[in-house]
Trainee: 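Sharing a structure, written as structure tokens. Questions coming.
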Amino acid sequence: MQFERELLKGVLPLAVLKLLRLRAMYGYELVKEVSEKSDGVLKLGQSTLYPLLYNLEAQGLIESEWQEAKSGRGRKYYRLTDAGTKRLERDLLQWDELVRGMGRLVLGGLQSRMAVLFS
Amino acid sequence: MTNSSATMQKSVSNTALPSALANLTERVIRGTRLWRSEKRDVRAELESHFREGLEELAGEGLTEEAAIRVLCDSFGNPELTAKLIRRGKKRGRPMIVKIAISASIALLGAAGAGGAYVAYLTYAKPNPSIDYLETLNESIVEHAEEQRAWPVLRDTLLQFKPMPESLSALNPADVKPGSADWTAVQAWLETNRPLIPALAAAASKPYYGFVYGGSDTGEFMRRLAEANSDADLLARAAPEPDPLAPRLISLLLPHLADVRTVAWFLVYDARDHAAAGRYADAWSSLDLDHRLAAKLFEGKTLIEQLVGAAVMRMTCGEMRRILGEHGDALPPEMYATIVQSHLFTMQDALLVPHLDGERLMFQDAVQYVFTDDGGGNGRLIPSQFAKLQAMGTADESANDGFGVEAGLIATAARHADRRDTLAKYEELWNELARYRNLPLHDPNRALGEQRVAQLADSDEGRKYAARHLDAAEPQLRGSADSRMRHGQRGDARVGGAGEAPFGVWRLAGGAR
């Protein structure tokens, strides 16, 4: 499914921060993990991923380091900072509230329609 | 965790990347317009990303070609990516660097603004659109040339031999028959006496008729300079005057000094005749002097009026002196003519100066120092303003007080930057004119002067050019005071010879 860009704007940073809480990851790994962990609902292209990472890094929520992989190739790993951890906790709470609110809103409307259909 | 490692980046970039992906990376990197070190970091990361992808997709069984296509398709818009990467990376720059960049931009901006200002100083031009000189000359040129005194006077002045330097340094009041310098005076008188009929012809014209800024002004100055071998005057009589130079009244009156010399010539001539008992000739010279001065008083500018009034007073004073010294020797019929004239009657209207010319020339100066449409509502051109100020401090003009005029006009013009300023200026002129036209003994006459004096030192006054008026007003007051003093003298033989006894004298046939 293709999501509206505006809709994804607040979701992707949260997704990236959430994944980086598990472990440090490099760019391509994050692309794969976002897709896998969201069951393919969220997809990160490079055009979205790297600007997002640089923004989070500029805000001090994540930090990066070049490391050598087993193949001998260089990889730039990103990990959560303390500030990033705090932000993630705050954002998760907000997200939880948002999802519950939206759930009530959407399901409430559905229940009303079903009540009309089966009355 | 430390940041990017140059060695690690190098190890990434040394590995070959398929050309399609290398080109894509290049497009993004070029579009970021980041610093070199930042570009190096981003390039290494993108290349690393592509290699991970190639390896992963190869593991899933895709050919390299197919893997490249997948990676390219999933990449997104490279230009947009570059733009977003630039934004993110710039945000991550150290604060000190951001401040330095902002300061540099501000400095560059200030330098640009400064450059633009310098260009404005250098290249801004006024747009004078109203010919105030034409307005000033309107009532002059409507008279035929043969009715105007100036053309005759001009030709006469060109032939007139200047006063010897040894005499010009003396106080004229001390130069009398019998004094040490009188022989030199007589020689000078003899040289110029043949011109007296021409001066009389000029004085007999019904109108003064000097055209301000007329085409013959420069030519007159040039010929006068050549006739007198005056290099300074020749330099000022430039054939091509600066068309953007504000025109000042003082610069429009090249003849004024020569007219004053002629006035003294006629006074000396009268003294010489009186000393020799040729009273009729003496009176005739003074009468001619007075009539020429009256012509000058018809001038539109305050300085001409003041010089004219001064010469008239001077001739009257000289008449009183001769009447006092030689009264007993005068022929009875001449004495009777003089004492029966209106010696005790002041002709006030004759000596009331006006400022109409000054007002027009002020407005003219305003349009030469502003980028306006003649209404004084443009922006001040500093170079033009400086030019006007420089005109006011020229040595020669500063010595005789004309330079003050330019300085005052410059100061006034600086504040005349809106239409309403000129309107207020006009209003003030008119208000002053009303007070000036009150009878001499009316105590309210002083109110106008007080109003100007109060305004002169205030911000509002500066805006309305009140300082300019404040400088002119005492000269008008001096003229009025002088009239009052003469009018109050009651001595029949001396003080009674007031400002205007010549009307009867002329009627009695005394005029040349």
Side-chain angles (χ1 to χ4, degrees), chain A residues 2-3 5-6 8-9 12-13 16 20-21 23-36 40 42-85, chain B residues 1-15 17 21 24-25 28 31-32 34 38 40-57 60 70-95 98:
Chain A
Q2 189 76 27
F3 288 99
R5 187 179 179 81
E6 288 301 313
L8 284 176
K9 211 169 182 178
L12 291 178
V16 168
L20 290 180
R21 187 157 75 169
R23 64 174 188 280
M25 293 185 196
Y26 55 94
Y28 192 82
E29 188 180 10
L30 273 167
V31 172
K32 278 199 311 177
E33 288 293 313
V34 164
S35 180
E36 281 175 23
L42 296 178
K43 282 189 167 41
L44 266 177
Q46 277 170 298
S47 61
T48 309
L49 173 68
Y50 290 106
L52 173 60
L53 288 172
Y54 298 151
N55 265 313
L56 293 173
E57 194 174 20
Q59 292 174 63
L61 303 179
I62 61 173
E63 57 189 5
S64 63
E65 185 186 30
W66 282 96
Q67 289 179 10
E68 193 172 346
K70 286 177 187 168
S71 61
R73 200 164 42 234
R75 281 176 179 162
K76 195 176 185 184
Y77 280 88
Y78 293 89
R79 73 159 54 156
L80 214 55
T81 63
D82 291 343
T85 306
Chain B
M1 189 180 279
T2 56
N3 240 329
S4 62
S5 144
T7 316
M8 199 66 70
Q9 291 170 23
K10 199 174 176 184
S11 76
V12 171
S13 58
N14 279 343
T15 323
L17 198 65
L21 296 174
L24 191 57
T25 307
V28 175
T32 59
L34 289 167
E38 291 171 330
R40 199 164 45 233
D41 189 58
V42 174
R43 181 193 295 279
E45 189 161 20
L46 291 181
E47 286 178 354
S48 168
H49 181 99
F50 284 135
R51 286 196 188 88
E52 295 290 346
L54 284 173
E55 200 173 287
E56 180 87 15
L57 293 171
E60 291 174 13
V70 168
L71 287 170
C72 284
D73 290 347
S74 65
F75 186 84
N77 183 335
E79 279 73 33
L80 178 64
T81 307
K83 191 175 157 188
L84 295 173
I85 285 176
R86 174 178 169 74
R87 198 179 294 167
K89 278 287 184 186
K90 272 180 70 181
R91 194 172 292 169
R93 286 173 182 170
M95 186 55 71
K98 287 181 183 175

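In what follows, chains carry the letters A, B, and so on, assigned in the order in which the sequence lines appear, proteins first and then strands, with residues in each chain numbered from 1.
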Trainee: Quick one: of B:K83, B:E56, B:E55, who has the most non-hydrogen atom pairs under 4.5 Å with chain A?
Mentor: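 Heavy-atom pair counts peak at B:E56.
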Trainee: Sort A:K43 into side chain, backbone, both or neither according to what part of it lies under 4.5 angstrom from a heavy atom of chain B.
Mentor: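 Neither part; nothing is under 4.5 Å.
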Trainee: Looking at A:E29 and A:R75, does any basic side-chain N land under 4.0 Å from a carboxylate oxygen?
Mentor: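 A:R75 and A:E29: not salt-bridged.
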Trainee: Do the side chain of B:S48 and the main chain of B:A44 share a donor and acceptor less than 3.5 angstrom apart?
Mentor: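 The answer is no, because no donor-acceptor pair under 3.5 Å joins these two groups.
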Trainee: Got A:L53 and A:K76 here, is their nearest side-chain heavy-atom distance under 4.5 Å?
Mentor: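 When only atoms from C-beta onward are counted, A:K76 and A:L53 do not touch, as no gap falls below 4.5 Å.
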Trainee: Report the residue from A:L44, A:T48, A:L49 that forms a side chain to side chain contact (heavy atoms under 4.5 Å, CB included) with A:V34.
Mentor: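 Of the listed options, the one satisfying the test is A:L44.
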Trainee: Where does B:V28 contact chain A at under 4.5 Å (heavy atoms): side chain, backbone, both or neither?
Mentor: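 Neither part.
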